[in-house]
Structures are given as C-alpha cells and as structure tokens.
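First the structure, in the form of structure tokens, and then the observations on it.
Sequence positions, counted from 1, serve as the residue numbers for this chain. What you see is a predicted model, and the numbers here were worked out from it, not measured in a lab.
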Amino acid sequence: MGYFAGLIFVLAALWLGLSGIYKPLLLILAGISILISVVLASRLETVDREGSPYGRSIPILSYWAWLMIEIFKANWPVIKACVSANLNINPAFVRVKTRCESDLAKTIFANSITLTPGTVTVEVEGGKLLIHALFEEDATPDSFDEMDLRSYRAADGKREEELAA
C-alpha cells in the first residue's frame, strides 16, 4: 500500500511541478490521469520495491552525490589523454562480479560505470558485468569494488554487517 501512496504522491508532485496550472478543471483531470496511471501500473504489476523505490530515496540520493564527485575525478585522465599529442590510452576489457541482487541495483551499478568517463558497461549477464575501459591499469575488478558496494547499499539497502553474515 505504501508503494501506491508513494506513486500517487510522486505523480501528483510531478504533474503540479511541471504544469504550474492550478485551475479546478485541470486539477480534476490531473487526478483522473494519476488514478488511471496507478491502476495501469497495478495491473502491470510494476508497483513494488524496485518499481517504486521511494523508501530508498535518501541512500540513492547520497549515492548519486558520491557518483557526481567520482565522475568529475574521472574526467581529468580522459581529458588529459584526449588533448595530449600522443593518444596515451591502453584499452582493455574486464569482467567484474557484482554483489548487487536486484535488477535495480545492477542497473544503477552498470549505468554508473557507463556514466564515469573512460568506462562503458558492455554486457550484464547474471551477476557479472563486462566493462570496457580506456586505461588497462584502472580496469581491474578491484577498482570497481567501492562503486559496487555503494550501489548495492543504495538500491538493495543492506549494510556491511549483513554482507559478512
């Protein structure tokens, strides 16, 4: 039931924020369209923990803040390689095992790798990701451990104590 309430709240806030029109007729039509959207989402069985991760909002937002810093830090070596006279890259593929369990966590992890300059997630198969990196020395499975752990905590909501058990 909480996922339905969260979905209704987010859709209403999105509609009100984007439209900026508060006339009674349009508010009634907005309510009807939100109701139809929630009913359709219910029939499609997409209103669940992964489809409506509102309870994970704070951990996910803190993860994205950390990721933005990592993206800015990863920009420097890529920019340096691009503007140097000799293209100083050594591309490599690496297969990384992830601890992420849910599809949401795997998607966040894979997209985070792709958002980080110099790396692209090529394939996700089960619990393993195939990653292409511009710099072979940075393309070790261990170099993605912190991002894997943070995306796991943000989406799946588990702490290190639970991982050890």
Side-chain angles (χ1 to χ4, degrees), residues 3 6-21 37 41 44 46-165:
Y3 298 122
L7 183 60
I8 290 169
F9 176 76
V10 167
L11 289 175
L14 184 65
W15 191 91
L16 289 171
L18 292 176
S19 73
I21 302 171
S37 297
L44 291 171
T46 59
V47 183
D48 57 2
R49 185 175 188 274
E50 282 188 30
S52 307
Y54 311 117
R56 307 280 333 131
S57 295
I58 292 173
I60 288 175
L61 288 175
S62 66
Y63 173 75
W64 287 113
W66 172 83
L67 182 63
M68 290 299 117
I69 294 167
E70 293 300 309
I71 288 171
F72 283 114
K73 287 187 336 191
N75 268 312
W76 181 246
V78 174
I79 291 171
K80 203 164 94 174
C82 289
V83 297
S84 68
N86 57 347
L87 193 58
N88 198 12
I89 63 171
N90 189 11
F93 281 101
V94 64
R95 194 166 292 280
V96 175
K97 188 172 191 267
T98 180
R99 65 178 51 98
C100 298
E101 297 169 356
S102 68
D103 290 339
L104 176 64
K106 289 176 188 174
T107 302
I108 289 173
F109 182 44
N111 286 342
S112 298
I113 290 170
T114 301
L115 281 171
T116 307
T119 55
V120 175
T121 303
V122 179
E123 178 181 77
V124 178
E125 189 174 318
K128 294 188 178 184
L129 286 78
L130 180 62
I131 300 165
H132 178 269
L134 286 180
F135 306 105
E136 185 176 23
E137 58 275 6
D138 295 336
T140 63
D142 296 339
S143 61
F144 297 99
D145 278 348
E146 184 178 6
M147 186 179 288
D148 180 35
L149 180 63
R150 286 179 180 261
S151 61
Y152 177 75
R153 283 185 192 157
D156 289 337
K158 298 188 178 148
R159 304 224 178 269
E160 257 181 80
E161 301 85 42
E162 295 173 19
L163 291 176

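With contacts defined as side-chain heavy-atom distances shorter than 4.5 Å, the pair Ser112/Trp64 qualifies. Side-chain contact between Asn111 and Thr121 is absent, with no heavy-atom pair separated by less than 4.5 Å. Side chains of Thr119 and His132 form no contact here, defined as non-hydrogen atoms less than 4.5 Å apart. Looking at heavy atoms from C-beta onward, Phe93 lies out of side-chain contact with Glu136 at the 4.5 angstrom threshold. Within the 4.5 Å cutoff, the side chain of Phe109 has no heavy atoms near those of the Arg150 side chain. Using a 4.5 Å heavy-atom threshold, the side chains of Leu11 and Trp15 count as separate. Between Tyr63 and Arg153 the shortest side-chain heavy-atom distance does not fall below 4.5 Å. Put simply, the side chain of Thr140 reaches to within 4.5 Å of the side chain of Ser143, judged on heavy atoms.
What you find for Leu129 and Val124 is that their closest heavy atoms are CG-CG2, 4.0 Å. Taking all atoms of both residues into account, the shortest heavy-atom contact from Pro77 to Phe135 is O-CZ, 3.7 Å. Scanning all heavy atoms of the two residues, the minimum distance from Pro117 to Ile71 falls at CD-O, 3.8 Å. Between Glu70 and Thr116 the shortest heavy-atom distance is O-CG2, 4.5 Å. Nearest heavy atoms, Trp66 versus Met147: CH2-CA, 3.7 Å. Contact between Ala81 and Ile89 at its shortest, heavy atoms only, is CB-CG2, 3.9 Å.
Side chains of Asp148 and Thr98: a donor-acceptor N/O pair is present below 3.5 angstrom, by distance only.
Rounding to the nearest 0.5 angstrom, the gap separating the CD1 atom in Ile113 from the CD1 atom in Ile108 is 12.5 Å. Of the inter-residue distances, the one linking Leu104 atom CG with Asp156 atom CG reads 7.5 Å to the nearest 0.5 angstrom.
Applying the side-chain contact (heavy atoms from CB on, under 4.5 Å) test to Leu14 and every residue at least two apart in sequence or in another chain returns Leu18.
Salt-bridge formation is detected for the pair Glu123/Arg95: a Lys NZ or Arg NE/NH1/NH2 atom is positioned less than 4.0 Å from an Asp or Glu carboxylate oxygen. A salt bridge is absent between Lys128 and Glu125: the closest approach of a Lys/Arg side-chain nitrogen to an acidic carboxylate oxygen does not fall below 4.0 angstrom.
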